[in-house]
Amino acid sequence: AAGPEGLLFGTQTSGLFRGRVEPTGLQLQKVFGGNDPHRIEELPFRTVHHVYVDRDGSIWLGSGQGLGLLQSRFFSGVSGMPNNNTLSVHPADDRVLLSLGDVYEIRPGGERDFTARPLPVSGERFVTSMASTGERLWMGTANGLLLGRTDGRETRRIDLTDRGGGIFYLLGDHRGDLWLCQAPTDTPLKGVTRVRPDGTTKFYDADDGVENRILVL
């Protein structure tokens, strides 16, 4: 049968396969029951007699193990993305930026499809947080650097390694100020940092009434 993602082949003893015609010949890939990268779920259908795809894209299977219905889940993965933990999600106009250490730009390609491409960020920086103030995109790194990018270029860099470690949360407010939460190094970092539009920083601590570590804003 012709399915929403290409050809579907039912086999006598090995279940269901997707097929793609390549210059080298027919390439087959086994169909599993889940899209969770941490769990491989075998389909219960071994002997597939008939495959039917309805108008909604659902796949009906007539098999030696009974009648089966395969449907897409409401949530699905974005093709081309590595199966790593997502550290930060940042919506920006008609795209979404994701940080998995490396930063990816996700754009809608169709009704269900999305395109993913990595953004060029230098390899020694492990991006752990993102936020925007005006036209500037801010990225916090695991080694305590704060990077500002405008029109795809790095336009500001603030080194906060003397204050603490990784910058794990960023928030831009309506005045154009950036607020950040930073991991401690050798001593607890009790307070929160504010970065003004001119790049100057202010750390609010116990003298300002902030007596605990701040984890989110």
Side-chain angles (χ1 to χ4, degrees), residues 1-130 137 139-143 152 166 168-169:
E5 299 180 13
L7 297 173
L8 293 166
F9 293 85
T11 67
Q12 187 171 357
T13 59
S14 301
L16 185 67
F17 285 78
R18 288 190 182 95
R20 192 172 62 249
V21 178
E22 302 284 356
T24 56
L26 182 64
Q27 301 295 321
L28 295 178
Q29 181 182 25
K30 191 167 185 178
V31 175
F32 292 95
N35 60 2
D36 184 345
H38 301 289
R39 183 182 70 249
I40 297 177
E41 185 179 304
E42 289 270 359
L43 292 176
F45 311 106
R46 296 280 178 247
T47 303
V48 180
H49 301 300
H50 186 73
V51 181
Y52 173 73
V53 181
D54 65 23
R55 67 181 63 185
D56 296 324
S58 298
I59 302 167
W60 296 83
L61 300 178
S63 80
Q65 292 74 39
L67 179 66
L69 173 62
L70 307 181
Q71 294 177 303
S72 297
R73 293 182 175 177
F74 183 78
F75 294 100
S76 61
V78 177
S79 61
M81 293 288 296
N83 293 324
N84 296 339
N85 292 329
T86 302
L87 303 173
S88 180
V89 180
H90 180 63
D93 298 326
D94 60 343
R95 62 179 181 165
V96 174
L97 300 177
L98 299 179
S99 173
L100 303 89
D102 297 321
V103 178
Y104 283 80
E105 177 187 73
I106 312 298
R107 290 185 180 272
E111 184 178 349
R112 294 187 179 182
D113 300 326
F114 295 86
T115 59
R117 73 178 184 94
L119 290 184
V121 180
S122 181
E124 77 272 5
R125 304 166 188 159
F126 192 86
V127 175
T128 50
S129 55
M130 291 182 291
L137 171 67
M139 299 181 183
T141 72
N143 55 354
F168 57 86
Y169 191 88

(request) Can you measure from CE (M139) to CG (L97) and round to the nearest 0.5 angstrom? (result) 6.5 Å
(request) Supply the atom-to-atom distance R117 CZ to E105 CD, rounded to the nearest 0.5 angstrom. (result) 4.0 Å
(request) Identify the heavy atoms of G33 and L43 that sit nearest to each other, and give their distance. (result) CA-CD2, 3.6 Å
(request) Determine whether more than 12 heavy atoms belonging to other residues, nucleotides or ligands lie under 6.0 Å from atom CZ of R107. (result) yes
(request) Might you point out which heavy atoms bring F32 and E42 nearest each other, and give the distance in Å? (result) CE2-OE2, 3.7 Å
(request) Evaluate whether atom CD of Q12 has more than 12 neighbouring non-hydrogen atoms of other residues, nucleotides or ligands under 6.0 angstrom away. (result) no
(message) Quick one: does any side-chain atom of S99 pair with a main-chain N or O of L87 as donor and acceptor, under 3.5 Å?
(response) no
(message) In the structure I gave you, are the side-chain heavy atoms of Q29 and F17 within less than 4.5 Å of one another anywhere?
(response) no
(request) Using a 4.5 Å cut-off on heavy atoms from C-beta on, say whether the side chain of L67 contacts that of L61. (result) no
(request) Kindly give the heavy-atom pair with the smallest separation between G66 and S63, and that separation in Å. (result) O-OG, 2.7 Å
(request) Show your working on side-chain contact (heavy atoms from CB on, under 4.5 Å) between S88 and V127 and close with a plain yes or no. (result) CA-CA 9 Å; S88 180; V127 175; over 6 Å; no
(message) Would I59 and V31 count as a side-chain contact (heavy atoms from CB on, under 4.5 Å) here? Give the steps.
(response) CA-CA 12 Å; I59 302 167; V31 175; over 6 Å; no
(message) Do W60 and D54 make a side-chain contact, defined as non-hydrogen atoms from C-beta onward lying under 4.5 Å apart?
(response) yes
(message) Distance alone, cut at 3.5 Å: any donor-acceptor contact between the side chains of T141 and N143?
(response) yes
(request) Find out whether R18 and L28 are in side-chain contact, i.e. whether some heavy atom of one side chain is under 4.5 Å from a heavy atom of the other. (result) no
(request) Can you see which heavy atom on Y169 is nearest to which on S129, and at what distance? (result) N-CB, 3.7 Å
(message) When you compare the side chain of L26 with that of F9, does any pair of heavy atoms fall below 4.5 Å?
(response) yes
